[in-house]
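Here is the structure we will look at, set down as structure tokens.
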Amino acid sequence: MKVKYNLLHNDKETGARYGTLETNHGTFETPMFMPVGTRATVKMLTPEELYDCKAGIILANTYHLWLKPGEDLIKQAGGVRKFMNYKGPMLTDSGGFQVFSLAKPKDITEEGVHFKSHIDGSKLFLTPELSIQIQNKLDSDIAMSFDECPPFPVDHDYMKKSVDRTLRWAKRGYDTHSNQEQSLFGIVQGGEFADLRKYSAEETVKMNFDGYSIGGTSVGEDKETMLKMIENSTPYLPTDKVRYLMGVGEPMDIIEGVIRGVDIFDCVLPTRIARHGNAFTRHGKINLKNLKFREDFTPLDEECDCYTCKNYTRAYIRHLVTTDEALGGRLLSIHNIRFLIKLTEELREAIKTDKLLEYKDKFKSKYEGSNS
RNA sequence: GCCUCAAUAGCUCAGCUGGUUAGAGCACUUGACUGUUAAUCAAGGGGUCCUAGGUUCAAAUCCCAGUUGAGGCG
């Protein structure tokens with residue numbers, strides 16, 4: 001079956017959405033943060049640890065799994081969820097972000113995108129059809145359209161051409177999509193241009209996808225521009241389909257996204273900064289490598305209910321991080337993922353009680369106050 | 001007792017045919033990270049070049065004496 005979004009409540013002041021998304025492998029509440037498991041693993045964590053973090057859905061990447069181990073092996077294993085022993089809902093990204101991170105402008109053609117493999121430098125060619133075919137075989141619950149994710153900034157002329165090409169690619173992917181058990185989402189682009197966001201959203205919605213996402217954010221633009229990108233997109237999306245903001249994961253960005261009508265977020269930030277020794281806390285981001293945590297025998301965050309905070313101290317985690325022990329990255333990853341998911345839980349509660357703006361103000365003053 | 005070799009950043013070492021402000025890796029102290037090319041990247045602090053003389057316009061570098069260490073010979 002296709003995913004089904006149920007809108008259960010709008011925050012009275014902001015219109016922010018509380019709802020649920022039904023999938024073939026479970027129903028979860030939104031807003032929700034989706035941890036990133038690019039290569040069929042949320043780096044350093046087991047599926048059980050993700051369940052403990054209350055992850056509603058996780059993400060894997062078409063591009064990376066195409067190269068290794070190959071989509072046919074994963075199909076043989078019974079799909080990516082079975083392959084990695086993850087029992088909950090899963091979304092696959094299309095490889096569109098790799099157009100941004102790996103390809104050069106001249107590599108992007110109407111037919112598809114020429115890549116140089118980041119593994120061995122060999123020449124690759126990814127098309128909208130191929131991306132969808134790979135995702136059909138990966139058998140995720142939700143497949144993403146193959147889009148161009150342009151860098152920031154590009155001029156209006158380039159962005160218009162890019163948006164039109166992404167629309168044609170979306171249509172090609174839609175026509176290729178054959179896995180009836182899998183949903184397919186369209187992606188809104190248009191950069192910081194309000195007219196192109198509107199145009200991209202309206203044209204994408206006409207194709208009647210199972211859900212919609214906002215792409216082209218977190219590619220180097222400033223915060224204010226990113227928020228404009230969102231608020232220039234969500235008004236044109238249908239209220240009865242889920243909305244997913246791609247690549248956004250700073251706590252304040254998630255809150256601002258929810259206020260603007262977003263339901264799902266994904267981001268590598270919690271897991272990446274964890275491997276680099278950092279943790280989100282109510283009082284801002286902290287770097288456990290800092291000397292000031294040497295004798296700090298308190299948890300990362302007093303109010304956190306994660307496995308790490310219930311059992312370990314900052315001093316111990318600092319020891320693990322400074323001695324390059326893998327457990328440090330694991331404990332921090334568990335905490336950071338749980339932190340963002342708990343944030344979305346609290347946002348859901350705030351929406352249900354129509355107190356989202358009040359919640360935002362409280363969170364913000366703590367988070368952007370003095371670090372400790 | 002004699003001979004040889006060594007001594008430069010916290011550690012391991014480059015530099016030694018004299019010539020800008022003595023370097024590197026690691027460690028240390030910080031910072032960055034937003035649909036993962038990332039357990040990564042960047043910056044910063046840190047020196048009696050063993051000590052004392054000498055040669056020279058100029059010495060980590062050459063000469064002399066000493067100190068400490070390693071090895072060898074008695």
Side-chain angles (χ1 to χ4, degrees), chain A residues 33-45 57-65 67-68 91-104 115-122 124 131 135 140 142-150 152 185 187-189 212-223 225-227 229-230 244-254 256-257 262 264-280 285-294 318 320-333 336 340 371:
Chain A
F33 175 76
M34 172 166 63
V36 177
T38 303
R39 296 192 287 200
T41 168
V42 174
K43 291 184 194 291
M44 299 186 147
L45 302 191
I57 180 170
I58 66 170
L59 173 153
N61 194 293
T62 300
Y63 167 81
H64 300 261
L65 296 176
L67 298 191
K68 267 186 180 179
L91 176 151
T92 41
D93 192 16
S94 62
F97 188 72
Q98 281 63 47
V99 177
F100 162 75
S101 63
L102 295 176
K104 298 177 191 108
F115 289 101
K116 259 175 106 173
S117 161
H118 71 281
I119 298 170
D120 61 7
S122 60
L124 304 168
S131 172
Q135 294 185 76
S140 52
I142 300 168
M144 297 302 302
S145 292
F146 184 67
D147 63 331
E148 178 188 356
C149 180
F152 178 86
F185 282 17
I187 303 176
V188 177
Q189 288 288 349
Y212 296 94
S213 69
I214 300 161
T217 53
S218 56
V219 289
E221 78 282 7
D222 54 277
K223 298 263 180 204
T225 302
M226 186 178 76
L227 297 185
M229 290 173 168
I230 302 167
Y244 156 37
L245 176 60
M246 310 184 83
V248 170
E250 290 271 12
M252 281 313 301
D253 295 344
I254 290 177
E256 296 292 356
V262 173
I264 299 175
F265 302 80
D266 83 286
C267 193
V268 302
L269 211 51
T271 43
R272 182 183 292 170
I273 67 171
R275 294 192 306 281
H276 297 169
N278 295 58
F280 291 124
K285 213 162 57 174
I286 60 173
N287 187 343
L288 275 300
K289 285 185 271 193
N290 289 174
L291 185 59
K292 64 182 172 185
F293 300 119
R294 211 181 97 85
R318 173 181 149 81
L320 294 177
V321 166
T322 56
T323 51
D324 209 25
E325 285 290 343
L327 183 59
R330 275 173 45 67
L331 293 177
L332 285 167
S333 293
N336 285 343
L340 293 184
N371 288 20

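Because the structure is predicted, anything quoted here is derived from the model rather than measured. Hydrogens, waters and symmetry mates are skipped; everything else that's a heavy atom, side chains included, is used. Throughout, a chain's letter reflects where its sequence line sits, starting with A, and its residues are numbered from 1.
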- Message: Going by centres under 5.5 angstrom and planes under 30 degrees, do the aromatic ring of A:His276 and the base ring of B:U40 stack?
- Response: yes
- To the nearest Å, give me how far apart NZ (A:Lys289) and P (B:A42) are. 13 Å
- In whole angstrom, what separates A:Arg39's CZ from B:U36's P? 12 Å
- Task: Determine, stepwise, if the pair A:Leu45 / A:Arg330 fulfils side chain to side chain contact (heavy atoms under 4.5 Å, CB included).
- Result: CA-CA 7 Å; A:Leu45 302 191; A:Arg330 275 173 45 67; 4.2 Å; yes
- Query: How many Å lie between CG on A:Asp324 and P on B:C28, as a whole number?
  - Reply: 10 Å
- Task: Looking at every strand, decide which applies to A:Leu102 at a 4.0 Å heavy-atom threshold: base, sugar-phosphate, or nothing.
- Result: base
- Task: To the nearest 0.5 Å, tell me how far A:Ile214 CD1 sits from A:Met229 CE.
- Result: 11.0 Å
- Please work out if A:Arg318 contacts a base, only the sugar-phosphate, or nothing of the nucleic acid, heavy-atom cut-off 4.0 Å. sugar-phosphate
- Message: Of the options B:U34, B:C33, B:U36, whose atoms approach the side-chain atoms of A:Lys43 most closely?
- Response: B:U36
- Residue of the set A:Val248, A:Thr217, A:Ile230 for which side-chain contact (heavy atoms from CB on, under 4.5 Å) holds with A:Asp253: A:Val248
- Message: Between B:G45 and B:G31, how many Å separate the two C1' atoms, rounded to a whole number?
- Response: 14 Å
- Task: Give A:Gln189 one of three labels, base, sugar-phosphate or nothing, depending on what nucleic acid heavy atoms sit under 4.0 Å from its own.
- Result: base
- Assign A:Gly329 to base, sugar-phosphate, or nothing according to its heavy-atom contacts below 4.0 angstrom with the strands shown. nothing
- Message: Any N or O donor-acceptor pair under 3.5 Å from the base of B:U36 to the side chain of A:Thr271?
- Response: yes
- With sugar-phosphate meaning primed atoms plus P, OP1 and OP2, does A:Gly328 contact a base, only sugar-phosphate, or nothing at under 4.0 Å between heavy atoms? nothing
- Message: Between B:U34 and A:Lys223, counting only base atoms on the nucleotide and side-chain atoms on the residue, is there a donor-acceptor pair under 3.5 Å?
- Response: yes
- Note: for A:Asp147 and A:Leu291 on RNA chain B, the residue whose nearest nucleotide lies more 5' is A:Leu291
- Taking the P atom of each, how far is B:A6 from B:U61, in whole Å? 14 Å
- Looking at A:Ile187, A:Val188, A:Ile264, which one forms a side-chain contact (heavy atoms from CB on, under 4.5 Å) with A:Met246? A:Ile187
